[in-house]
Number of protein chains: 2
Amino acid sequence: MRAKRASHDPGHGLGDVDGLLRSHGLRRTPQRQATLEAIAELSGHATAEQIAERVRRRLPTVSASTVYRTLGSLERVGALCHAHLGHTASVYHVGRAGLHQHLVCERCGALREVEASVTAGFAGELRRRFGFHANFTHFAVLGECRSCAARRPRSPGTPAGRRRGARH
Amino acid sequence: MRAKRASHDPGHGLGDVDGLLRSHGLRRTPQRQATLEAIAELSGHATAEQIAERVRRRLPTVSASTVYRTLGSLERVGALCHAHLGHTASVYHVGRAGLHQHLVCERCGALREVEASVTAGFAGELRRRFGFHANFTHFAVLGECRSCAARRPRSPGTPAGRRRGARH
DNA sequence: CTTCCTGCAAACTGTTTGCAGTCCA
DNA sequence: TGGACTGCAAACAGTTTGCAGGAAG
């Protein structure tokens with residue numbers, strides 16, 4: 001990975017995006033450039049809206065649809081990918097899928113990244129027993145983080161009490 | 001489970017819903033009755049819309065909002081619960097949460113129920129290592145079913161090809 | 001100069017909410 | 001009777017799409 005770049009690489013660790021675009025017959029546009037930079041700046045998991053806000057600091061008139069289309073294109077060429085962390089909007093991050101997975105607290109929203117190796121054993125079991133190839137990188141593992149679980153000690157049968165903005 | 005009923009139990013295996021409602025200060029209405037019967041008839045995992053359609057066979061004017069509010073009430077009193085099987089609408093089913101979990105194929109949508117025991121070991125590991133209490137009953141485990149995985153042999157790095165109506 | 005790309009507005013799905021009228025207890 | 005419940009319409013979030021004009025190559 002990480003092919004050498006001839007020009008225009010802003011050095012955000014995004015790799016040869018220009019080349020990726022070009023090799024897929026896609027154009028390099030200010031909007032796409034700004035989107036890539038925005039994601040790099042946000043350097044984590046960002047929703048389309050957060051990315052759009054960031055993009056508009058540079059190009060104030062970029063529309064939501066362009067952001068969505070751009071994210072789609074960039075994902076298609078392999079420059080980034082998205083994941084679902086619960087009920088809320090999907091989040092995008094740089095790089096290919098499959099590198100890490102997410103544990104998300106349904107109550108406080110806390111996000112913990114874990115290595116793909118963590119789920120490998122379980123995934124193997126599902127594969128052996130059911131022929132099912134689980135993908136824990138695209139959809140998060142939901143549950144309760146340590147502190148939330150401690151705060152509300154196991155009341156059996158209570159289906160994860162509805163809290164705050166947590167519409168389930 | 002399956003408390004004895006004094007009256008009105010349609011015998012759908014829904015248990016003492018009347019009592020549940022009453023004990024929560026909620027009323028028994030034709031709409032709620034019809035919703036319960038609809039779910040019992042659908043006897044699986046049904047979306048709010050599927051339930052609404054079924055309800056309207058008996059009460060043609062029931063509105064979507066009533067169905068949603070009814071499902072919410074019934075869930076709050078413990079008569080049913082819902083789960084998320086991917087990008088699509090949530091599905092509702094009779095009974096309390098935590099009894100079974102779902103393996104959902106992201107490509108063909110195939111749904112496989114597995115006993116809660118299947119994930120117990122993995123959940124324990126997450127708890128020990130990260131203090132994270134995973135809940136596999138509310139959010140499904142996504143991936144590829146046996147036949148879809150066979151049809152598209154592992155092309156490494158390809159993030160679950162986009163197909164049919166599968167907007168991710 | 002020809003595509004691809006963009007912005008705008010509108011549509012869309014799934015779900016929630018405000019309101020005024022209705023009905024159960 | 002009074003508060004719970006209902007239907008309607010409107011709003012909501014997140015995302016997609018059709019279209020006409022704009023720009024990359």
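Proteins come first, then strands; the chains are lettered A, B, ... in the order of their sequence lines, and each starts at number 1.
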Item to check | Nearest-Å distance for atom pair CG/C1', residues A:L59 and C:dC5 | outcome: 14 Å
Checklist entry - Separation of A:Y68 atom OH from C:dC12 atom P, in whole Å? => result 18 Å
Checklist outcome for this item: Between CG of A:L71 and C1' of C:dT6 the distance, given in whole Å, is 15 Å
Item to check | Separation of atom NE2 in A:H24 from atom P in C:dC4, rounded to whole Å | outcome: 15 Å
Checklist entry - Checking all strands, does A:T61 fall into the base, sugar-phosphate, or nothing category for heavy-atom contacts under 4.0 angstrom? => result sugar-phosphate
Checklist entry - What nucleic acid atoms does A:T88 come within less than 4.0 Å of, heavy atoms only: base, sugar-phosphate, or nothing? => result nothing
Next on the checklist: So A:R69, base contact, sugar-phosphate only, or nothing? Heavy-atom distance under 4.0 Å.
Outcome noted: base
Checklist entry - Taking atom P of D:dC5 as reference, at what distance in whole Å does atom CD of B:Q33 sit? => result 14 Å
Next on the checklist: Under 4.0 Å from OP1 or OP2 of D:dT15: is there any side-chain N or O of A:S90 that close?
Outcome noted: yes
Checklist outcome for this item: By nearest-nucleotide position on DNA chain C, the 5'-leaning member of B:L26 and B:E49 is B:E49
Next on the checklist: What I'd like to find out is whether the side chain of B:E37 reaches to under 4.5 Å of the side chain of B:R58, using heavy atoms alone.
Outcome noted: yes
Next on the checklist: Let's see if you can work this out: which of D:dA9, C:dG7, D:dT15 has an atom nearest to the side-chain heavy atoms of A:T66?
Outcome noted: C:dG7
Checklist outcome for this item: Interatomic distance, CD@A:E49 vs OH@A:Y68, rounded to 0.5 Å, equals 7.0 Å
Item to check | Validation row, ring centre A:H84 to ring centre B:H84 under 6.0 Å | outcome: no
Checklist entry - Is a donor-acceptor contact shorter than 3.5 angstrom present between the side chain of B:R27 and the base of C:dA25? => result no
Checklist outcome for this item: B:L21 atom CG is separated from C:dC23 atom C1', nearest whole Å, by 16 Å
Item to check | Between C:dT13 (P) and B:L85 (CG): distance, integer Å | outcome: 20 Å
Checklist entry - Tell me: CD of B:Q31 to P of D:dA4, nearest whole Å? => result 17 Å
Next on the checklist: Taking only side-chain N and O atoms of A:R28, does any of them lie within less than 4.0 angstrom of OP1 or OP2 on D:dA24?
Outcome noted: no
Item to check | Min side-chain heavy-atom separation B:E113-B:H102 under 4.5 Å | outcome: yes
Next on the checklist: Is the distance between the ring centroids of B:H82 and B:H138 under 6.0 Å?
Outcome noted: yes
Item to check | Side-chain donor/acceptor contact of B:T70 with base of D:dC5 under 3.5 Å | outcome: no
Checklist entry - With respect to the phosphate group of C:dC24, does any side-chain polar atom (N or O) of B:T29 fall under 4.0 Å of OP1 or OP2? => result no
